[in-house]
> 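Provided herewith is a single structure, encoded as structure tokens, for subsequent inquiry.
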Amino acid sequence: MPFWQRKSFAQMTHAEWESLCDGCGKCCLHKLIDSDDEDDTVHYTDVSCVLLKTDTARCSNYAERTQFVPDCVVITPQNVYELDFMPTSCAYRRLAEGRGLPSWHPLRNDGSRNAMIAAGMSAAGRVQNENEVHEDLELRIVTWPLRDRN
Ligand code: SF4
């Protein structure tokens with residue numbers, strides 16, 4: 001059995017834990033919470049964090065990201081069960097909810113991100129960096145980051 005099926009989050013090595021991230025970049029998009037909605041619905045936008053490289057959907061300074069973006073949420077085995085603001089496709093959220101890793105996940109494709117991109121899960125090439133956006137974020141709400149596929 002692969003490690004994500006046989007180990008708990010707490011039992012995983014740091015490298016295993018990090019490898020769970022599919023690199024979709026969707027968590028790096030600005031989100032809006034509807035305060036008029038009693039369910040606190042999270043709306044995603046196609047505007048990214050300043051550190052996201054929008055052509056690849058990778059963080060340009062992953063190791064030091066919290067120094068530059070203090071509100072970047074670092075996912076840990078402790079907070080992984082409280083990720084209801086993350087996309088439903090997020091590997092950490094999926095595993096925390098007992099849904100397993102999807103067929104397109106890089107860990108199920110010899111490390112390749114091609115299947116993930118083909119499944120429409122990556123933010124690469126679909127978003128704009130916050131540095132380049134001057135309009136109201138409410139005008140940039142999109143629904144594609146909320147899609148998931150098995
Ligand atoms: S949403 Fe989850 S899987 Fe995708 S980049 Fe963020 S942490 Fe990784």
Side-chain angles (χ1 to χ4, degrees), residues 2-34 39-133 137 140-150:
F3 75 87
W4 63 88
Q5 290 179 346
R6 92 187 124 72
K7 290 185 176 185
S8 67
F9 288 130
Q11 290 170 330
M12 293 179 190
T13 65
H14 181 68
E16 289 170 339
W17 172 262
E18 290 289 315
S19 73
L20 292 177
C21 175
D22 59 37
C24 70
K26 293 194 290 189
C27 57
C28 307
L29 303 179
H30 284 288
K31 305 161 201 62
L32 299 171
I33 295 179
D34 191 342
D39 293 332
D40 288 337
T41 303
V42 177
H43 297 282
Y44 274 70
T45 73
D46 62 358
V47 178
S48 80
C49 165
V50 68
L51 291 182
L52 194 76
K53 291 188 277 185
T54 57
D55 55 340
T56 60
R58 305 312 290 253
C59 183
S60 59
N61 194 349
Y62 185 72
E64 300 176 310
R65 63 197 189 285
T66 56
Q67 288 180 37
F68 295 94
V69 182
D71 61 353
C72 178
V73 176
V74 177
I75 305 171
T76 68
Q78 288 71 45
N79 69 10
V80 71
Y81 296 101
E82 299 156 16
L83 301 180
D84 51 356
F85 57 91
M86 295 289 272
T88 52
S89 64
C90 174
Y92 297 101
R93 181 170 173 181
R94 286 185 65 114
L95 290 180
E97 293 175 353
R99 292 187 287 127
L101 293 187
S103 60
W104 47 263
H105 193 282
L107 284 173
R108 295 185 58 185
N109 291 277
D110 299 322
S112 170
R113 299 171 70 217
N114 291 343
M116 186 262 291
I117 292 167
M121 293 298 135
S122 175
R126 305 167 88 174
V127 298
Q128 225 179 338
N129 189 285
E130 67 178 64
N131 266 345
E132 302 166 356
V133 175
L137 281 179
R140 302 297 298 257
I141 289 174
V142 287
T143 55
W144 58 261
L146 300 172
R147 285 187 214 125
D148 195 2
R149 285 177 61 180
N150 281 321

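Atoms within each ligand, like the ligands themselves, are counted from 1 in listed order.
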> Should you measure from each heavy atom of Asp22, which atoms of ligand 1 turn up under 4.0 Å away?
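Once the distances to Asp22 are compared, the set is 3 (S), 4 (Fe), 8 (Fe).
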> So, do Trp17 and Tyr92 have ring centers that fall under 6.0 Å from each other?
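Yes; Tyr92 has its ring centre under 6.0 Å from that of Trp17.
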> Hey, which atoms in ligand 1 end up nearer than 4.0 Å to a heavy atom of Ile75?
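Heavy-atom distances to Ile75 below 4.0 Å select 7 (S).
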> Taking atom CZ of Arg149 as the centre, report whether more than 12 heavy atoms of other residues, nucleotides or ligands fall under 6.0 Å from it.
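Incorrect, the count does not exceed 12.
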> Roughly how far apart are Asp46 CG and Gln128 CD, rounded to 0.5 Å?
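Atom-to-atom, Asp46:CG and Gln128:CD are 7.0 Å apart.
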> Checking a contact table here: which protein heavy atom is nearest atom 5 (S) of ligand 1, and how many Å away?
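The closest one turns out to be Gly25 N, 3.3 Å.
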> I need the nearest protein heavy-atom contact for atom 8 (Fe) of ligand 1: residue, atom name and distance, please.
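I find the closest protein heavy atom is Cys21 SG, 2.4 Å.
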> Quick check for you: to the nearest 0.5 Å, what is the distance between His14 atom NE2 and Ser19 atom OG?
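Nearest 0.5 Å value for the NE2-OG distance: 10.0 Å.
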> Would the number of heavy atoms belonging to other residues, nucleotides or ligands and lying under 6.0 Å from CG of Asp110 be above 12?
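Count not over threshold, so no.
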> What protein heavy atom sits nearest atom 2 (Fe) of ligand 1, and how far away is it?
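Result for atom 2 (Fe) of ligand 1: Cys90 SG, 2.4 Å.
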> For atom 4 (Fe) of ligand 1, find the nearest protein heavy atom and state the residue, atom name and distance (0.1 Å precision).
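Minimum-distance protein heavy atom for atom 4 (Fe) of ligand 1 reads Cys24 SG, 2.3 Å.
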> Mind checking whether atom 6 (Fe) of ligand 1 has an N, O or S of Cys27 under 2.8 Å?
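Short answer: yes, at least one N, O or S atom is under the cut-off.
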